[in-house]
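Single-structure report; data block below.
Treat the numbers as computed from the prediction; the structure is a model and nothing was measured.
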Amino acid sequence: MPLRGAECQEKQDSKTRGTIHKWLMKSEPESRIEKGVDVKFGIEDLKKEPDQTACWDGVRNYQARNFMRDQMKNGQLAFFYHSNCKNPGIAGIVEIVKESYVDYTQFDKADPHYDSGAKKDNPKWFMVDVKFVRMMKRFISLQELKTLYQNHKSSGGPLKSIALFTSARLSVQPVTEDEFDFICSLEDKPDGDAC
DNA sequence: GCCAACGTTGGC
DNA sequence: GCCAACGTTGGC
């Protein structure tokens, strides 16, 4: 059945506006002490939070902040990526459940991400809330994604310009619909099969 | 623990 | 506004 008017229009609009609907957000699942505080926060930690929801605080990069502040909307999905750990890769999927608001940790001297340059009447940093949706059916490792990325660069496949490698240091990054769908399709294949 | 890549800072 | 020095990220 064809899409009804409103649904169809919505899809058209989002395409022509170039709105980003999907994201990848990095977090560290292994303990690491930064200014005396353990910054560990893996997907298992998110699952243990009340309502399986947590604020995404501590982002201190302007590009990443701008994505969160200006483009993240309730209901959008993001890959939860495990970084700076023994086995980096995509662990699961989360949903944006609260849009941009002030990241209070910028004013907290005890917080590892305290920013002495941030003023209460003119905050610099913002965060969103994310809620656990599901684990990936299988962990999608960085190694697998990298092999695919390299293949797709020559073949023109869906991961040919994925930000995970073209903007490797961005901790909050956009994911295209094609990239998102392709990565989800990997879940049903044995590890390495798609390479 | 190393270090390449890259973002930020600050002198000029 | 350039760019060298410095700091951080994050894979390996």
Side-chain angles (χ1 to χ4, degrees), chain A residues 20 22-46 54-72 78-94 100 102-120 122-128 130 135-136 138-154 157-176 179-180 182-183 186-187 191-195:
Chain A
I20 298 156
K22 304 282 196 308
W23 306 95
L24 180 145
M25 302 171 85
K26 297 181 186 174
S27 190
E28 302 187 28
E30 292 173 7
S31 283
R32 189 171 63 81
I33 306 303
E34 196 178 331
K35 294 175 187 156
V37 180
D38 193 346
V39 296
K40 167 184 188 291
F41 192 78
I43 199 160
E44 294 301 333
D45 299 300
L46 176 61
C55 57
W56 206 266
D57 62 321
V59 171
R60 297 292 181 269
N61 167 282
Y62 291 109
Q63 213 184 337
R65 175 202 70 181
N66 293 349
F67 280 134
M68 286 203 298
R69 189 189 59 186
D70 307 334
Q71 302 201 50
M72 274 193 180
F79 288 130
F80 192 115
Y81 179 88
H82 281 170
S83 76
N84 201 19
C85 57
K86 194 190 289 179
N87 193 13
I90 296 170
I93 294 177
V94 298
S100 166
V102 173
D103 178 348
Y104 54 84
T105 65
Q106 68 194 294
F107 308 119
D108 179 0
K109 287 190 177 162
D111 191 278
H113 304 112
Y114 171 68
D115 183 348
S116 60
K119 298 281 161 269
K120 288 224 166 119
N122 188 19
K124 272 168 74 176
W125 305 110
F126 296 83
M127 61 189 180
V128 298
V130 303
M135 299 299 287
M136 300 307 279
R138 68 179 179 84
F139 185 81
I140 310 293
S141 70
L142 176 68
Q143 179 192 295
E144 180 177 359
L145 290 166
K146 186 175 239 173
T147 303
L148 288 162
Y149 164 66
Q150 272 154 2
N151 292 347
H152 288 192
K153 267 198 295 181
S154 33
L159 301 190
K160 65 177 185 299
S161 55
I162 188 167
L164 188 59
F165 302 106
T166 59
S167 307
R169 294 180 54 194
L170 249 195
S171 65
V172 173
Q173 43 180 262
V175 173
T176 67
E179 288 162 356
F180 194 91
F182 180 80
I183 290 168
L186 298 173
E187 292 183 286
D191 190 356
D193 235 42
C195 300

Item to check | is_close_aromatic(A:Y62, A:W125), centroid dist under 6.0 Å | outcome: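 Yes.
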Backbone N or O of [Y] within a donor-acceptor pair of the [X] side chain at under 3.5 Å?
| X | Y | result |
| --- | --- | --- |
| A:D103 | A:G58 | yes |
| A:K40 | A:S31 | no |
| A:D38 | A:I33 | no |
| A:Q63 | A:L170 | no |
| A:R32 | A:C85 | no |
| A:E30 | A:K86 | yes |

Checklist entry - DNA chain B: A:T166 or A:K124, which has the more 5' nearest nucleotide? => result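 It is A:T166 whose nearest nucleotide is closer to the 5' end.
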Next on the checklist: Can you work out whether A:F165 or A:N84 has the more 5'-proximal nearest nucleotide on DNA chain B?
Outcome noted: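 Final value for this comparison: A:N84.
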Checklist entry - So do the side chains of A:K26 and A:L164 get within less than 4.5 Å of each other, counting heavy atoms only? => result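 They are in contact (side-chain heavy atoms under 4.5 Å apart), so the answer is yes.
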Item to check | nucleotides 1-8 of chain C: protein proximity per nucleotide (B base, S sugar-phosphate only, - neither; heavy atom, under 4.0 Å) | outcome: ------BB
Nearest-angstrom distance from the residue atom [atom1] of [X] to [atom2] of [N]:
| X | N | atom1 | atom2 | result |
| --- | --- | --- | --- | --- |
| A:K26 | C:dT9 | NZ | C1' | 8 Å |
| A:E34 | C:dG10 | CD | P | 11 Å |
| A:H82 | C:dG10 | NE2 | P | 14 Å |
| A:L164 | C:dG10 | CG | C1' | 11 Å |

Next on the checklist: Check this one for me: any side-chain N or O of A:K146 less than 4.0 Å away from OP1 or OP2 of C:dC12?
Outcome noted: yes
Checklist entry - Would you say a side-chain N or O of A:Y81 is under 4.0 Å from OP1 or OP2 of C:dT9? => result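 For C:dT9, OP1/OP2 do not have a side-chain N/O of A:Y81 under 4.0 Å.
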Checklist entry - Where along residues 56-67 of chain A does a heavy atom fall under 4.0 Å from DNA chain B? => result A:N61, A:Y62
Checklist entry - According to the interplanar angle, ranging from 0 to 90°, do the rings of A:F182 and A:H152 count as parallel (below 30°), tilted (30 to 60°) or perpendicular (above 60°)? => result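 Perpendicular: the ring planes of A:F182 and A:H152 meet at over 60°.
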